[in-house]
Amino acid sequence: MTTDITHLDAARVAAVLARVAAQRPRVQCLTNTVAQNITANMLLAFGAIPSMAIHVDEVAAMADGAGAILINIGTINAESELAIPKLLEVARDQAKPLVFDPVFVELSPLRQHVAREVLRLRNIVVRGNATEMAALEDTLQAARGHDLTLVTTGKIDRIEGPRGAFSVAHGHPLMTKVTGVGCAAGALIAAACAVESNPALAAAAALTAYGIAGEIAAERSNGPGSFAVALIDALAGIDEATLRARMSA
């Protein structure tokens, strides 16, 4: 993996967003129940199409024609534990982009087991906060040869993959005050990966747009409740002019 930080400008971000808008990739999301609604709304605002199938007997069929897959283990249950291998099989057989969000992996042996199984796959994106990524350190080290792209989100998002490293410093503290906003970031990264072959660039573009939308939403809202609505509106309105103004600020 490279550790050199690649410059990211508005034109590169806008180009990825334009491809999402043009191609409207569908993202099959096996995500946690708390985040389903906001994840679907953020994908629509981003220009993508959500599919939220969770039944073990249909997730593979739903993933088959999707542009990318998201697996989020925030509220993992017996059925989702059975569905995850089916999604991994589709991702492996079709070389389909897959984003894995190891929510609270540090708290549960079951989540750690699932993470180890997911990380057997090559060329996936892992998005977590610093605590989650630290809890997976040994597993990630063991999987270093699998062309992973690692996305550690926080005040500054750190993205590192075989084809580039990026740092994204956009966002607002209110993004941590609305449940599901962080989980939705994984879905946006997946949508970008569906149209951009470099997963590190895809993740950086998605997080830049999302972070800037958060900054705009904070300016328009009075607290967490109105912020959630404003964030959807702001994300839907991100264009290259907005990116140029905000990224150079």
Side-chain angles (χ1 to χ4, degrees), residues 1-10 12-13 16-17 31-32 34-35 38-39 42 45-46 70 72-74 99-107 125-137 140 148-161 164-193 199-235 238 242-249:
M1 286 187 180
T2 179
T3 55
D4 295 330
I5 302 300
T6 305
H7 176 66
L8 185 66
D9 59 29
R12 296 184 81 187
V13 176
V16 175
L17 268 55
T31 191
N32 73 68
V34 175
I38 195 168
T39 296
M42 290 302 172
F46 197 54
L70 168 70
N72 175 310
I73 60 172
V99 176
F100 175 55
D101 192 337
V103 180
F104 286 143
V105 70
E106 74 276 14
L107 299 182
V125 178
V126 183
R127 186 218 77 92
N129 61 35
T131 301
E132 293 158 351
M133 300 301 265
L136 284 177
E137 184 175 359
L140 293 171
L148 300 176
T149 297
L150 305 181
V151 180
T152 305
T153 50
K155 187 173 182 180
I156 297 176
D157 304 321
R158 309 286 186 187
I159 302 153
E160 185 180 4
F166 297 88
S167 175
V168 175
H170 290 286
H172 190 276
L174 279 173
M175 296 180 83
T176 67
K177 302 298 183 184
V178 179
T179 188
V181 166
C183 295
L188 302 186
I189 293 170
C193 286
L201 174 58
L207 291 176
T208 297
Y210 202 32
I212 288 174
E215 295 167 358
I216 295 170
E219 294 166 2
R220 297 173 178 173
S221 61
N222 297 312
S226 55
F227 175 80
V229 175
L231 181 58
I232 296 172
D233 290 344
L235 183 61
I238 293 289
T242 303
L243 292 168
R244 289 187 185 282
R246 295 275 177 169
M247 291 179 71
S248 61

Would you mind reporting whether I232 and M42 have side-chain heavy atoms less than 4.5 Å apart?
yes

Exercise: identify the closest heavy-atom pair between V103 and G74
CB-CA, 3.6 Å

Find out whether M247 and V13 are in side-chain contact, i.e. whether some heavy atom of one side chain is under 4.5 Å from a heavy atom of the other.
yes

If you define the side chain from C-beta out and look only at heavy atoms, does anything of L207 sit under 4.5 Å from V151?
yes

Which of D157, I156, L8 passes side chain to side chain contact (heavy atoms under 4.5 Å, CB included) with S167? Answer is I156

Side-chain heavy-atom pair I212, I238 within 4.5 angstrom cut-off:
yes

Indicate the atoms forming the closest heavy-atom contact of V105 with A135, along with that distance.
CG1-CB, 4.0 Å

Nearest non-hydrogen partners of A213 and A234, listed with the distance:
O-CB, 3.5 Å

Side chain to side chain donor-acceptor pair (under 3.5 Å): which pairs involve residues 207-218, sequence neighbours left out?
H170-E215

Just grab all the salt bridge (charged side-chain N to carboxylate O under 4.0 Å, His left out) pairs involving residues 218-228, residues at least two apart or on different chains.
E219-R246

Checking E137 now: which residues fulfil salt bridge (charged side-chain N to carboxylate O under 4.0 Å, His left out) with it, not counting sequence neighbours?
none

N72 side, atom CG; N32 side, atom CG - distance, nearest 0.5 Å:
4.5 Å

Just distance, no hydrogens or angles: give the donor-acceptor pairs under 3.5 Å from side chains in residues 171-189, sequence neighbours left out.
| from | atom 1 | to | atom 2 | distance (Å) |
| --- | --- | --- | --- | --- |
| H172 | ND1 | L174 | N | 3.0 |
| T176 | OG1 | P173 | O | 2.7 |

Closest approach of A206 and A192, non-hydrogen atoms and distance?
CB-CB, 4.2 Å

Exercise answer: donor-acceptor pairs, residues 221-229 side-chain atoms, under 3.5 Å, sequence neighbours excluded:
| from | atom 1 | to | atom 2 | distance (Å) |
| --- | --- | --- | --- | --- |
| S221 | OG | A217 | O | 2.9 |
| S226 | OG | N222 | N | 2.9 |
| S226 | OG | G223 | N | 3.4 |
| S226 | OG | G223 | O | 3.4 |

How about L201 and F166: do any of their side-chain heavy atoms sit closer than 4.5 Å?
yes

Here the gap from D9 atom CG to R12 atom CZ, rounded to the nearest 0.5 Å, amounts to 6.5 Å

Can you list the steps and then say if M133 with T131 is a side chain to side chain contact (heavy atoms under 4.5 Å, CB included)?
CA-CA 6 Å; M133 300 301 265; T131 301; over 6 Å; no

Minimum heavy-atom separation for I159 to A204, with atom names?
CD1-CA, 3.4 Å

Residues at least two apart in sequence or cross-chain that pass side chain to side chain contact (heavy atoms under 4.5 Å, CB included) with L107, listed by chain then number, are F104

Using side-chain heavy atoms (C-beta onward) and a distance below 4.5 Å, is D101 in contact with I73?
no

T242 and I216, any side-chain heavy atoms less than 4.5 Å apart:
yes

